[in-house]
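The structure appears right after this line, and notes come after that.
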Amino acid sequence: MPSSEARVSTPKAKNYMIQLCKHFGHKVPAEWTDSDAHVTFEIGTCDMVVEDDMLVLTCTADDDLALHRVKAIVADHLVRFAWREELQLSWIASED
């Protein structure tokens, strides 16, 4: 199952994680605490972890096309929520 990770440096990591989960939670299952989260889309999942001023996003899906779509959904929303910061996301494929 392909997966990919992005580490996003921001002092608002926790706030953005919660905002993403609340937003996605209107349409898909989303669970979160103050330090981690899990969102289940129909096409894959996104796990989030807050590490100090870092938001770690790990997306997983059944195939590469679905993974690309999950990453695009998560990245698009995060960039829009954090528009003042002009965040940069670089995805790295996970080795299984």
Side-chain angles (χ1 to χ4, degrees):
M1 191 175 289
S3 64
S4 194
E5 177 181 284
R7 301 178 71 78
V8 183
S9 178
T10 173
K12 297 181 180 180
K14 176 181 162 186
N15 294 356
Y16 292 140
M17 180 190 71
I18 292 170
Q19 186 177 8
L20 285 166
C21 289
K22 286 181 177 180
H23 178 78
F24 292 141
H26 291 290
K27 294 193 174 195
V28 298
E31 302 173 357
W32 66 91
T33 67
D34 284 345
S35 61
D36 60 9
H38 180 79
V39 179
T40 305
F41 299 97
E42 287 184 24
I43 56 172
T45 63
C46 181
D47 290 298
M48 300 176 234
V49 177
V50 174
E51 297 175 355
D52 297 320
D53 287 348
M54 184 79 59
L55 179 57
V56 181
L57 307 166
T58 305
C59 295
T60 305
D62 287 334
D63 59 55
D64 289 335
L65 179 59
L67 178 60
H68 176 76
R69 290 178 57 205
V70 172
K71 293 182 334 186
I73 291 166
V74 173
D76 178 64
H77 284 80
L78 178 57
V79 167
R80 281 193 281 149
F81 293 155
W83 63 272
R84 288 181 184 92
E85 291 189 58
E86 298 181 17
L87 297 179
Q88 299 296 316
L89 279 84
S90 296
W91 294 96
I92 299 169
S94 300
E95 298 292 326
D96 290 331

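Note: hydrogens, waters and symmetry copies are ignored here, and every other heavy atom, side chains too, is used.
Grouping the Ile, Leu, Val, Met, Phe, Trp and Tyr side chains by contacts below 4.5 angstrom, directly or via other members, places Trp91 apart from Met54. Linking ILVMFWY side-chain heavy atoms closer than 4.5 Å, directly or via other members, places Phe41 and Val79 in a single hydrophobic cluster. There is no path of hydrophobic side-chain contacts, each under 4.5 Å, that joins Val56 to Leu20.
A donor-acceptor pair under 3.5 Å is absent between the side-chain atoms of Thr45 and the main chain of Val39, judged by distance alone.
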>> I'd like to know whether Phe24 forms a side chain to side chain contact (heavy atoms under 4.5 Å, CB included) with Ile73, so could you lay out the CA-CA distance, the side-chain angles of the two residues, the decisive distance to 0.1 Å, and finally the verdict.
In response: CA-CA 10 Å; Phe24 292 141; Ile73 291 166; 3.8 Å; yes
> Can you check side chain to side chain contact (heavy atoms under 4.5 Å, CB included) on Val50 and Leu55, steps first, answer last?
Replying inline: CA-CA 5 Å; Val50 174; Leu55 179 57; 4.2 Å; yes
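Taken to the nearest 0.5 Å, the OG1 atom of Thr33 stands 8.0 Å off from the CD1 atom of Ile18. To the nearest 0.5 Å, the span separating CG on Asp63 from CE on Met1 amounts to 9.5 Å. Summarising the geometry, atom SG belonging to Cys46 is positioned 11.5 Å from atom NZ belonging to Lys71; distances are rounded to the nearest 0.5 Å. To the nearest 0.5 Å, atom OG1 of residue Thr10 and atom CZ of residue Phe81 are 13.5 Å apart.
A pairwise comparison of heavy atoms in Ser4 and Ala93 identifies OG-N, 3.8 Å as the closest pair. Between Ala75 and Leu89, the shortest heavy-atom distance links the atoms CB-CD2, 3.7 Å. Nearest heavy-atom pair across Ala13 and Asp53 is CB-C, 4.5 Å.
Of the candidates Asp47, Thr58, Val49, Leu57, Thr58 is the only one forming a side-chain contact (heavy atoms from CB on, under 4.5 Å) with Glu5.
When the salt bridge (Lys or Arg N to Asp or Glu O under 4.0 Å) test is applied to Arg80, the partners found at least two apart in sequence or on another chain are Asp76. Here Glu31 pairs with nothing under the salt bridge (Lys or Arg N to Asp or Glu O under 4.0 Å) rule; sequence neighbours left out.
For residues 12-23, every residue pair satisfying the side-chain hydrogen bond (donor to acceptor under 3.5 Å, both in side chains) rule, not counting sequence neighbours, is listed here: Tyr16-Glu85, His23-His77.
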